[in-house]
Amino acid sequence: METVNIVLGIIASILSISAIVFSKKVSDKNKKIEQYLEQELNITLNSSKKEVLSSKKATSGENGTSIIGDNNKVRGGK
């Protein structure tokens, strides 16, 4: 029974190490893709997590115009 535990421990260690290596490779590929998108296609993917996770409110302004954002004001329109 002890040898089974040792073998399972070795397998778990190998899987952990391989997961770290593969995640590093995937991260490197993602960085290359982001660089290609920014340089060749002029697309930026730098959206801050704060902006993604923030809640937006719809504010009804003058003449029934609605704007999504925080504390937006509508001026003019008359």
Side-chain angles (χ1 to χ4, degrees):
M1 190 67 177
E2 189 172 313
T3 56
V4 173
N5 286 337
I6 291 172
V7 170
L8 290 175
I10 291 172
I11 291 172
S13 298
I14 291 171
L15 288 175
S16 297
I17 292 169
S18 62
I20 292 170
V21 170
F22 289 134
S23 68
K24 175 69 173 141
K25 287 183 179 181
V26 169
S27 176
D28 290 342
K29 285 183 182 181
N30 284 342
K31 287 180 184 177
K32 287 180 183 178
I33 291 171
E34 286 180 6
Q35 287 176 352
Y36 172 78
L37 289 174
E38 287 179 3
Q39 291 174 355
E40 300 295 325
L41 303 177
N42 201 16
I43 298 173
T44 58
L45 301 175
N46 294 335
S47 61
S48 66
K49 291 183 180 181
K50 181 180 178 184
E51 182 178 312
V52 172
L53 297 176
S54 67
S55 62
K56 301 290 182 180
K57 301 174 185 173
T59 305
S60 182
E62 297 174 10
N63 301 325
T65 305
S66 296
I67 298 176
I68 295 177
D70 296 330
N71 299 323
N72 288 325
K73 303 218 188 294
V74 176
R75 295 185 180 136
K78 287 189 178 181

Which donor-acceptor pairs under 3.5 Å do the side chains of residues 14-21 make with protein atoms, sequence neighbours left out?
residue: S16; atom: OG; partner: A12; partner atom: O; Å: 3.0
residue: S18; atom: OG; partner: I14; partner atom: O; Å: 3.1
residue: S18; atom: OG; partner: L15; partner atom: O; Å: 2.9

How would you list, by chain and number, every residue that makes a salt bridge (charged side-chain N to carboxylate O under 4.0 Å, His left out) with K24, sequence neighbours excluded?
D28
Through direct or indirect side-chain contacts below 4.5 angstrom among Ile, Leu, Val, Met, Phe, Trp and Tyr, which residues connect to L8?
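Listed partners: V4.
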Write out all pairs satisfying salt bridge (Lys or Arg N to Asp or Glu O under 4.0 Å) with one or both partners inside residues 1-18, taking only residues at least two apart or from two chains.
none
